[in-house]
Amino acid sequence: MKPFTYERPGDLTTALALAADIPGARFLAGGTNLVDLMKLQIEQPTHLVDISRLPLAEIEDTPEGGLRLGAMTTNSQVAADPRVRARYPVLAQAILSGASGQLRNKATTAGNLLQRTRCAYFYDTTKPCNKREPGAGCAAIGGIYANTAIFGASEACVATHPSDMAVALTALDAKIETQSGAGEARVLAMDGFHRLPGDTPHIETELRPAEMITAVVLPPPPPGGQIYRKARERASYAFAIGSVAVAGGKVALGAVAHKPWRAEAAELALEQGASPAEAMAAELKGARPDGHNDFKLKLMTRLGAACLTTTGAGDDQ
């Protein structure tokens, strides 16, 4: 691990100012991903700004009938909240399908959205990776790793986003509130927060330098059923090889792209009266597997159709 300095500010304004003023500074929340990457020297911050004790850990009702999840709420806290369990079961299911109880006790809402890919070549520092070193190349292209993207990939990167929670939030049309050191506050749509790789896979979100997520806002719960299902190589403590979140008529897919993938073609097909299987087939027409990950076509078709059938999505069309 490279040497770094550390500071725990007592308020948000100071934290934002430190991140803006110190080159190479990074925010530290639960540390469940950042610290691991620092040990591998994939991440090399010069200064850590510990925000774990800032007053951003509340879950609050919104006037519109939704919920505001503070950035520092833990995954366990969100999944156990009675309002989340009753009104947003897809979110609780997604969170509980990820990691272990110990990690969920530390991992935060904002940190979960900002975790980096689990691509084997990204973690192997002996192999070229454009996400670690722009312009180095992508060893996963033509490699033997199968958990790569079937949507939205580029010649620079075929990695997938690892978050379960982010897939559920995408199906729920969540919003992300941010604040910068300059005092600017922004609200970003969850579906537009993460970026496709293009030529710059190292730029993973729409966050600006020294900008911090302060909350995630859930709209009022949608009508209709909700479900999250995840396929993985072992029963627990494993990242998805494919996942599906359904919230009313909204569908999002996980482990298929560089970001949580909104299944707009499937949603449109459902609106037009398609069956769950037909809707998923419409979505998968746009997939571009690479040979090693061809299995994801059948996996996502069947998993998605099962979820849509279980929730009754499209039944009222």
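Given the structure is predicted, the values throughout are model-derived calculations rather than measurements. Numbering starts at 1 and runs along the sequence shown.
For E184, the CD atom counts as densely surrounded, since its 6.0 Å shell holds more than 12 non-hydrogen atoms of other residues, nucleotides or ligands. For Q44, the CD atom sits in a packed shell: over 12 heavy atoms of surrounding residues, nucleotides or ligands are nearer than 6.0 Å. No more than 12 heavy atoms of other residues, nucleotides or ligands shown are found within 6.0 angstrom of CG on D199. Taking a 6.0 Å sphere around CD of E133, one finds it holds 12 or fewer heavy atoms contributed by other residues, nucleotides or ligands. In Y237, the OH atom is not crowded: 12 or fewer heavy atoms of neighbouring residues, nucleotides or ligands sit closer than 6.0 Å. Around the CD atom of E58, the shell of radius 6.0 Å holds no more than 12 heavy atoms that belong to other residues, nucleotides or ligands. Atom CZ of R85 has 12 or fewer neighbouring heavy atoms from other residues, nucleotides or ligands inside a 6.0 Å radius.
Side-chain contact between K259 and L196 is present, with heavy atoms from C-beta onward closer than 4.5 Å. No side-chain heavy atom of Q77 sits under 4.5 Å from any side-chain heavy atom of L69. Using a 4.5 Å heavy-atom threshold, the side chains of V187 and V217 count as separate. Two residues are said to be in side-chain contact when any heavy atoms from C-beta on lie closer than 4.5 Å; R104 and T74 fail this criterion. Between K39 and M1, the closest side-chain pair of non-hydrogen atoms falls below 4.5 Å. Counting heavy atoms from C-beta on, the side chains of L16 and Q179 come closer than 4.5 Å. Inter-residue side-chain proximity for H47 and T5 is flagged as met; some heavy-atom pair is nearer than 4.5 Å. In this structure the side chain of C138 never reaches within 4.5 angstrom of the side chain of Y121, judged on heavy atoms.
Under the 3.5 Å distance criterion, the side-chain polar atoms of R26 are left unmatched by any main-chain donor or acceptor of L34. Judged purely by atom type and a 3.5 angstrom limit, H258 has no side-chain atom pairing as donor or acceptor with the backbone of E204. Judged by distance alone, the side chain of N105 and the main-chain N or O of S76 form no donor-acceptor pair under 3.5 Å. H194 places no side-chain N or O within 3.5 Å of a backbone atom of P260 that could act as its donor or acceptor partner. T117 places a side-chain N or O within 3.5 Å of a backbone atom of T160 that can act as its donor or acceptor partner. Judged by distance alone, with hydrogens and angles left aside, the side-chain atoms of T46 form a donor-acceptor pair with the main-chain N or O of P23 at under 3.5 Å. Side-chain atoms of N130 come within 3.5 Å of backbone N or O of G135 as a donor-acceptor pair. A donor-acceptor contact shorter than 3.5 Å is absent between the side chain of D61 and the backbone of L67. Between the side chain of N293 and the backbone N or O of T148, at least one donor-acceptor pair lies under 3.5 Å. In terms of modelled atom types and a separation under 3.5 Å, the side chain of Q93 and the main chain of V90 share no donor-acceptor contact.
One hydrophobic cluster holds both L207 and V216 under the rule that ILVMFWY side chains link at heavy-atom gaps under 4.5 Å. Hydrophobic clustering of Ile, Leu, Val, Met, Phe, Trp and Tyr side chains at less than 4.5 Å, counting indirect connections, unites L12 with I22. One hydrophobic cluster, built from ILVMFWY side chains closer than 4.5 Å, cannot hold both L113 and I51; they sit in different ones. L114 and M190 fall within the same hydrophobic cluster, defined by Ile, Leu, Val, Met, Phe, Trp and Tyr side-chain heavy atoms under 4.5 Å apart, directly or through other members. I42 and L48 fall into different hydrophobic clusters, where Ile, Leu, Val, Met, Phe, Trp and Tyr residues are linked whenever their side-chain heavy atoms come under 4.5 Å apart, directly or through other members.
Listed here is the closest heavy atom pair of A29 and T108: CB-OG1, 3.7 Å. Residues G98 and K230 come closest through the heavy atom pair CA-NZ, 3.9 Å. What you find for Y145 and R118 is that their closest heavy atoms are OH-O, 3.6 Å. The two residues Q115 and F239 make their nearest non-hydrogen contact at OE1-CE2, 4.1 Å. In terms of heavy atoms, S243 sits closest to V167 at OG-CG2, 4.1 Å. Across every non-hydrogen atom of P289 and D294, the tightest pair is CB-OD1, 3.1 Å.
Between R195 and E206, at least one side-chain N (NZ, or NE/NH1/NH2) sits under 4.0 Å from a carboxylate O, which counts as a salt bridge. Between R232 and D164 no salt bridge is recorded (no basic side-chain N to carboxylate O distance below 4.0 Å). In summary, D124 and R132 do not engage in a salt bridge, as defined by a charged side-chain N under 4.0 Å from a carboxylate O.
Note that CG of L270 is 8.5 Å distant from OG of S275, once rounded to the nearest 0.5 Å. To the nearest 0.5 Å, the span separating CD on Q102 from NZ on K106 amounts to 12.5 Å. Note that the CG atom of N33 and the CE atom of M38 stand 12.0 Å from one another [nearest 0.5 Å]. To the nearest 0.5 Å, the span separating CG on L91 from CG on L169 amounts to 5.5 Å. One distance of note links CG of L37 with CZ of F122; it measures 5.0 Å at 0.5 Å rounding. In this structure, K175 NZ and T178 OG1 are separated by 13.0 Å, a value rounded to the nearest 0.5 Å.
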> Where do L253 and K296 land on the side chain to side chain contact (heavy atoms under 4.5 Å, CB included) test, with the steps shown first?
Replying inline: CA-CA 11 Å; L253 310 180; K296 289 194 177 186; over 6 Å; no

> Please walk me through it: do D173 and R262 pass side chain to side chain contact (heavy atoms under 4.5 Å, CB included)?
Replying inline: CA-CA 10 Å; D173 280 334; R262 185 64 177 269; 2.9 Å; yes

>> I'd like to know whether I150 forms a side chain to side chain contact (heavy atoms under 4.5 Å, CB included) with L284, so could you lay out the CA-CA distance, the side-chain angles of the two residues, the decisive distance to 0.1 Å, and finally the verdict.
In response: CA-CA 9 Å; I150 59 174; L284 271 297; 4.0 Å; yes

> Hey, mind stepping through L218 and R87 against side chain to side chain contact (heavy atoms under 4.5 Å, CB included) and telling me if it holds?
Replying inline: CA-CA 10 Å; L218 302 173; R87 292 149 59 182; over 6 Å; no

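Among K131, R116, K2, the one residue that satisfies the salt bridge (Lys or Arg N to Asp or Glu O under 4.0 Å) test with E43 is R116.
Among residues at least two apart or in separate chains, side chain to side chain donor-acceptor pair (under 3.5 Å) pairs with a member in residues 279-289 are W261-E283. The list of side chain to side chain donor-acceptor pair (under 3.5 Å) pairs with a residue in residues 297-306, not counting sequence neighbours, is empty.
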